[in-house]
Trainee: 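Have a look at this one before I ask anything.
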2 protein chains.
Amino acid sequence: MPVAGNIAPRKRRAISRSDIVLVSSTMFQERGYDRTSLEDIARALSVTKPSLYYHFASKEDILLECVRVSYVKFRGELAHRDNPLLNGRMRAEIFLRLYLEVISQDMGVSMVIADDRVMSPSGGEQYLAWKRELNNDLESRLKAGIQDGSIDVSETHLTSFAIFGMFNWVAQWKVSGNSFSVDEMFERFTDVIFNGIGGRR
Amino acid sequence: MPVAGNIAPRKRRAISRSDIVLVSSTMFQERGYDRTSLEDIARALSVTKPSLYYHFASKEDILLECVRVSYVKFRGELAHRDNPLLNGRMRAEIFLRLYLEVISQDMGVSMVIADDRVMSPSGGEQYLAWKRELNNDLESRLKAGIQDGSIDVSETHLTSFAIFGMFNWVAQWKVSGNSFSVDEMFERFTDVIFNGIGGRR
DNA sequence: GTAGTTACCTACTAGTTGGTAACATTTGGA
DNA sequence: TCCAAATGTTACCAACTAGTAGGTAACTAC
């Protein structure tokens, strides 16, 4: 099973699963999952549609793989950056910073734009499970922050949703031409979330 | 041109534009615009597809009308609730409270889930213009708040995006079974936005 | 060289979709 | 009562879609 990184370039250029995932996630993000046909993807890769079926069982499979790859990447990098000695607020910030970085990339955005309604029951369940994991992770960081005093909020569940909403929505404007850097978005978002925008009463 | 609210019920039940808009927006929200066919809509109204074409020129026209109706409703009610004597923060809260109410309704949600990428250039431009109006309105309330001291934030553009993202995302979970009341969402969201969740440093 | 495998292609099916043309029926008004 | 407009319907099309069947060239191991 040849993977990417062959030393000797083959005469016959073979596309890999990761090629497909990369191109697909970009197109899903630009045009939407429903409006991206397998022929579009195949054409972008200079192959034909049945070639895609050699590598993937279905269109949904491609989408799920896009999400899985990004999710695994996120988890791995998070484990790397995380530090259990830090307080809850800082660990929440680490989480959110990485989350923003990932969903700002073409590939990572599939984590956000995927829709369990277009998926098979098992696929949808898998996708929802990943989302739930992320929610739970952020929520537990918030709770830790409440414990150690670095965060002050009366409830974590809806708060976590609110925060995710704010971040996830960037996937929506990316497409409308609005482009901000990850740095300025993170700066602004966390300022709103942690400091609030209220002035003197 | 008979509008809704006929006193005498006709023998031949004629569907109105608002009937179509009501059913369509509900279905668009539940299943997504792309995955809702005109036949689905027609069937739900117990008519046939060409009947819809008597009332609307295209599928996009239906979507745009869904958005327009909600937008006009929002604008009208906002003018009613608004009070120029209040400070910027309170006027922002009035805006956000109504916005949340509207997009929490089946019909209002179309304002959020519409996607200019599926529209014709002119339709997309119209839709973006409405969105821009809303953004500008919120932003000007934030700016007024900065002037009168009721809001304290260094920048309004990205902040406005952040806030809209947080609210708009509720349209995404509605469908996943998460249901919170407008009251608790508004309470939580505004608490995060205005007070922040940061604890002692 | 040859056998097996990998990775792709051409050609197709079966179904859906937005949209249209032509025709039918109901209704309100004169 | 009769007409014209309003509001449907049946029957269709052309385009597109996910997915499949079956064949083939190239590479690999022996």
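What you are looking at is a predicted structure, and each value in this text was computed from that prediction instead of being measured. Chain naming here is simple, since letters A, B, ... match the order of the sequence lines and numbering starts at 1 in each.
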Trainee: Taking the basic N atoms (NZ, or NE/NH1/NH2) and the acidic carboxylate oxygens, is any pair closer than 4.0 Å for Asp116(B) and Lys131(B)?
Mentor: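 Salt bridge between Asp116(B) and Lys131(B), a charged N being under 4.0 Å from a carboxylate O: no.
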
Trainee: Under the rule for ring-ring contact (aromatic ring centres under 6.0 Å, His included), what residues qualify as partners of Tyr33(A), not counting sequence neighbours?
Mentor: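 ring-ring contact (aromatic ring centres under 6.0 Å, His included) list for Tyr33(A), sorted by chain: Phe28(A).
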
Trainee: If I take atom NE2 in residue His55(A) and atom P in nucleotide dT5(C), what distance separates them, rounded to the nearest angstrom?
Mentor: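 The distance from NE2 of His55(A) to P of dT5(C) comes to 18 Å, rounded to the nearest Å.
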
Trainee: What does nucleotides 14-20 of chain D look like as a protein-contact string, B for base, S for sugar-phosphate only, - for none, at under 4.0 angstrom between heavy atoms?
Mentor: ---SBBB

Trainee: Rounded off to whole Å, could you give me the OH-to-P distance for the Tyr54(A) and dG22(D) pair?
Mentor: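 Going from Tyr54(A) (OH) to dG22(D) (P), I get 18 Å.
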
Trainee: Roughly how many Å is it from CZ in Arg17(A) to P in dT6(C), rounded to a whole number?
Mentor: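 Atom-to-atom, Arg17(A) to dT6(C), this comes out as 15 Å.
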
Trainee: Among residues at least two apart in sequence or on other chains, which ones pass ring-ring contact (aromatic ring centres under 6.0 Å, His included) with Tyr71(B)?
Mentor: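 Counting only residues at least two positions away or on another chain, Tyr71(B) forms a ring-ring contact (aromatic ring centres under 6.0 Å, His included) with Trp130(B).
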
Trainee: Take the protein atom CZ of Phe56(B) and the nucleotide atom C1' of dG18(C), then report the distance between them rounded to whole Å.
Mentor: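 Interatomic distance, CZ of Phe56(B) to C1' of dG18(C): 16 Å.
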
Trainee: Taking side-chain contact (heavy atoms from CB on, under 4.5 Å) as the definition, give me every residue that meets it alongside Tyr53(A), ordered by chain and number, with sequence neighbours left out.
Mentor: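 By the side-chain contact (heavy atoms from CB on, under 4.5 Å) rule, Tyr53(A) matches Leu38(A), Lys49(A).
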
Trainee: Among pairs that include at least one residue of residues 147-158 of chain B, which meet salt bridge (Lys or Arg N to Asp or Glu O under 4.0 Å), considering only residues two or more places apart or in two chains?
Mentor: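 Passing the test, one end in residues 147-158 of chain B: Arg188(A)-Glu155(B).
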
Trainee: Between Asp61(B) (CG) and dG18(C) (C1'), how many Å, whole number?
Mentor: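 In whole Å, dG18(C) C1' lies 13 Å from Asp61(B) CG.
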
Trainee: So, is Thr48(A) near the phosphate of dC9(C), with a side-chain N or O under 4.0 Å from OP1 or OP2?
Mentor: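 True: Thr48(A) side-chain N/O within range (under 4.0 Å) of dC9(C) OP1/OP2.
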
Trainee: The criterion is side-chain contact (heavy atoms from CB on, under 4.5 Å); which residues satisfy it with Arg91(B), sequence neighbours excluded?
Mentor: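 Scan of Arg91(B) (side-chain contact (heavy atoms from CB on, under 4.5 Å), adjacent residues dropped) gives Asp82(B), Leu86(B), Arg141(B).
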
Trainee: Who pairs with Asp34(B) by side chain to side chain donor-acceptor pair (under 3.5 Å), at least two apart in sequence or on another chain?
Mentor: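 Per chain and number, Asp34(B) pairs via side chain to side chain donor-acceptor pair (under 3.5 Å) with Arg35(A).
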
Trainee: Applying a 3.5 angstrom cut-off to the pairing atoms, does DNA chain D sit in any stems of at least three consecutive Watson-Crick or G-U pairs? List them by first number.
Mentor: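 So far as stems of 3 or more pairs are concerned, DNA chain D shows C:1-30 with D:1-30.
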
Trainee: Who passes salt bridge (Lys or Arg N to Asp or Glu O under 4.0 Å) against Glu77(A), sequence neighbours left out?
Mentor: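 Testing Glu77(A) for salt bridge (Lys or Arg N to Asp or Glu O under 4.0 Å), a comparison that skips the adjacent residues, returns Arg81(A).
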
